[in-house]
Amino acid sequence: NHRLGSGDGAAEPGLRRHGTPGRAVGRGNSKFLGRRETMSGIWPGETQCVVLLGFDVDGVSSWLNRDPSYKDHPSLMSMAEYGPSVATPRILDMLDAHSIPSSFYVPGYVAETHEDMVREIASRGHEVAHHGYMHEPPSTLTREKEIEVIESGIRILSGITGEEPLGYRSPSWELSGHSLEILTDHGFIYDSSLMGDDAPYVVESPANGKTIVELPIHWLLDDAPNFVYAPVANRLGPMRNPDEVYGTWASEFEGLYRYGRAFTLTMHPQYIGRPGRLLMLERLIAHIKSFPNVEFMRAIDVAKMWQKN
C-alpha cells in the first residue's frame, strides 16, 4: 500500500491503495493559496481545485427500502416525490443558468418510474450514474443479491439513456466486502462511497486484482445530515438554517482550495431543492466561482482523467 503524504491516511481495510498522481500546480492568486509547497499539485494545467456537484435522486426509494410500510404514509411519500418531480427540474435549470456540468445518481426504481426525468438529465449533458435499485446499502445484501441489484440498475439506466453507467455511488455510503470486485467486473470506472482522502485515488479489489478510481465523499459535504426531517420515520432534525450550512460548506471549499484538492458535494433534490436552500446553493456557487483556477466537472470526467494517469 502506498501512503500519499503526511496528511493522508492508510488504505481502507482490505483494499490495496495506489498513490494520487502528482501533476502541475495551479497558479491562482487567492489569499487561500498560501505557501506553494503545501499544495498537492494533482490537477493539470492551471487548475487549483475541482468541484464535483452530485445529486442523489432517491425519491421514495430510500424510505421504502428502510420500511416498505412507509408507502402507506402519503405525506412522507409526497415529500420524497417532491425530489424527482419538482426539485430536479428546478436544479437542472439552475445548473444550466450557471453552465455547470454535474452528476446524478439515480436508483433503478426511481429511473423506471421517472424515465423522462432521466432522459432530460442526460440530454442536458449531465452524467447519469448508478445508485442501486431500491436504495439498498450493499453491506446489507448477499453477494448474489448485490450482483442482481447492480445488473438491474445497469439494465434500467442503459435502457433509458442508451449508455451503460460507468460511475457508482453506494446507497448510504456503505459498500460490502464484495462491492469493488462486483463493480470492476461490471466495467465501472469509479466508485464514490469511501472517505479515505479528499482527492481522487485508486483502489484495488483484493478479490480480482482490478482497480477502480475512488472519488471520496464525506458526511460534512452532504445535505441530508443537515436537512432531513421526517417524524413518522423518526428522523427528527436538526433541520439547520441554510446560512449555517453555507458557512460549513464554504469553509470546507476554502480549505480544499487551499490544499489543491477536490470539493465533492453530495445533495438530494428532495432536501436541497427547497427554494431557500437552492438559493443558498447558488450563493455557494457564486462564492466558488470567485476563486481563480476552479473547474466544475462531472465525476465521470474526473475519473477518466485519473484513469489515464
Side-chain angles (χ1 to χ4, degrees), residues 1-23 40 42-43 50 52 54 56 65 103 105 107-108 127 129-155 157-158 164-222 261-262 264 266 298-309:
N1 295 342
H2 180 72
R3 293 177 63 85
L4 304 187
S6 60
D8 298 301
E12 288 79 2
L15 305 178
R16 289 191 61 198
R17 173 170 171 160
H18 299 257
T20 302
R23 290 294 182 266
S40 307
I42 60 174
W43 304 112
V50 165
L52 299 91
D56 296 3
N65 184 66
S103 298
Y105 300 85
E127 176 190 6
H130 200 303
H131 198 46
Y133 178 75
M134 191 64 79
H135 203 268
E136 309 91 341
S139 61
T140 67
L141 305 176
T142 65
R143 186 178 189 279
E144 291 71 25
K145 183 63 176 178
E146 186 174 355
I147 292 173
E148 178 185 325
V149 167
I150 289 293
E151 293 181 347
S152 175
I154 292 172
R155 183 177 65 255
L157 295 178
S158 63
E164 290 195 358
L166 298 176
Y168 176 79
R169 173 171 287 164
S170 64
S172 301
W173 288 340
E174 289 297 343
L175 296 174
S176 76
H178 305 291
S179 295
L180 295 184
E181 175 192 5
I182 294 170
L183 292 174
T184 53
D185 281 346
H186 284 81
F188 285 88
I189 291 177
Y190 80 85
D191 168 66
S192 184
S193 311
L194 300 175
M195 306 187 192
D197 209 327
D198 45 31
Y201 57 103
V202 176
V203 290
E204 180 180 306
S205 166
N208 61 14
K210 298 178 181 178
T211 60
I212 191 169
V213 177
E214 180 60 38
L215 303 180
I217 39 71
H218 196 275
W219 294 110
L220 180 68
L221 293 176
D222 185 343
R261 311 301 275 178
T264 304
T266 300
R298 302 184 308 172
I300 186 61
D301 298 321
V302 174
K304 287 180 177 179
M305 179 173 64
W306 233 254
Q307 196 179 49
K308 289 179 181 178
N309 291 330

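Keep in mind that what you see is a predicted model, and the values were worked out from it rather than measured. Along the sequence shown, residues are numbered consecutively beginning with 1.
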**Message:** Is it the case that the side chain of Ser205 and the backbone of Ala207 share a donor-acceptor pair, with hydrogens and angles ignored and the cut-off at 3.5 Å?
**Reply:** yes

**Message:** Could you check whether His130 and Phe188 have their ring centres less than 6.0 Å apart?
**Reply:** yes

**Message:** Check whether Gln307 reaches the backbone of Met305 with its side chain - one donor and one acceptor, N or O, closer than 3.5 Å.
**Reply:** no

**Request:** Write down the atom of Gly132, the atom of Tyr168, and the distance for their closest heavy-atom approach.
**Result:** N-CE1, 4.2 Å

**Prompt:** Under a 4.5 Å cut-off applied to non-hydrogen side-chain atoms, are Asp56 and Arg169 in contact?
**Reply:** yes

**Request:** Could you tell me which non-hydrogen atom of Lys145 sits nearest to which non-hydrogen atom of Leu141, and how far apart they are?
**Result:** CG-CD2, 3.8 Å

**Item:** Point-to-point distance, once rounded to the nearest 0.5 Å, from CG of Leu194 to CD1 of Ile212
**Value:** 9.5 Å

**Asked** Going from OG1 on Thr140 to CD on Glu146, what distance comes out if it is rounded to the nearest 0.5 angstrom?
**Response** 9.0 Å

**Item:** Steps toward side-chain hydrogen bond (donor to acceptor under 3.5 Å, both in side chains) verdict (Glu127, Ser103)
**Value:** CA-CA 5 Å; Glu127 176 190 6; Ser103 298; 2.6 Å; yes

**Prompt:** When you check the side-chain N and O atoms of Ser170 and Asp191, is any donor under 3.5 Å from an acceptor?
**Reply:** no

**Prompt:** So, the side chain of Glu136 versus the backbone of Tyr133: is there a donor-acceptor pair under 3.5 Å, distance only?
**Reply:** yes

**For the student: nearest non-hydrogen atoms of Pro216 and Pro200, plus distance** = CD-CA, 3.9 Å

**Request:** Quick one: do Ile189 and Lys304 satisfy side chain to side chain contact (heavy atoms under 4.5 Å, CB included)? Show the steps, please.
**Result:** CA-CA 7 Å; Ile189 291 177; Lys304 287 180 177 179; 4.1 Å; yes

**Item:** From CD1 (Ile147) to OG1 (Thr142), nearest 0.5 Å
**Value:** 8.5 Å

**Message:** Taking the side chain as everything from C-beta on, heavy atoms only, tell me whether Val50 gets closer than 4.5 Å to Val302.
**Reply:** yes

**Prompt:** Which heavy-atom pair separates Asp185 from Asn208 by the least distance, and what is that distance?
**Reply:** OD1-ND2, 3.0 Å

**Asked** Can you find a pair of side-chain heavy atoms, one from Val213 and one from Tyr201, that are under 4.5 Å apart?
**Response** no

**Asked** How many angstroms lie between CH2 in Trp173 and OG in Ser192, if you round to the nearest 0.5 Å?
**Response** 7.5 Å

**Item:** Leu180 backbone acceptor or donor facing Thr184 side chain under 3.5 Å
**Value:** yes

**Prompt:** Between Trp306 (side chain) and Asp301 (backbone), is there a donor-acceptor pair under 3.5 Å?
**Reply:** no

**Asked** Can any side-chain N or O of Thr266 pair as donor or acceptor with the backbone N or O of Gly54 at less than 3.5 Å?
**Response** no

**Complete:** Output for pair (Ile154 CD1, Glu164 CD), nearest 0.5 Å, gives 5.5 Å

**Complete:** Taking every heavy atom of Ser193 against every heavy atom of Glu214, the minimum-distance pair comes out as N-OE2, 2.9 Å

**Fill in**
Sorted by chain and residue number, the ring pair (Phe, Tyr, Trp, His ring centres under 6.0 Å) partners of His135 (sequence neighbours excluded) come out as His131

**Check: Glu151/His186 side-chain N/O donor and acceptor closer than 3.5 Å** = yes

**Message:** What's the separation between atom OG in Ser176 and atom CD in Glu181, rounded to the nearest 0.5 Å?
**Reply:** 9.0 Å

**Message:** Could you walk me through whether Tyr190 and Leu166 satisfy the side chain to side chain contact (heavy atoms under 4.5 Å, CB included) test, starting with their C-alpha distance in whole Å, then the side-chain angles of each, then the deciding distance to 0.1 Å, before giving a yes or no?
**Reply:** CA-CA 7 Å; Tyr190 80 85; Leu166 298 176; 5.8 Å; no

**Request:** Work out which heavy atom in Ala262 is nearest to a heavy atom in Ala199; give both atom names and the distance.
**Result:** CB-CA, 4.3 Å

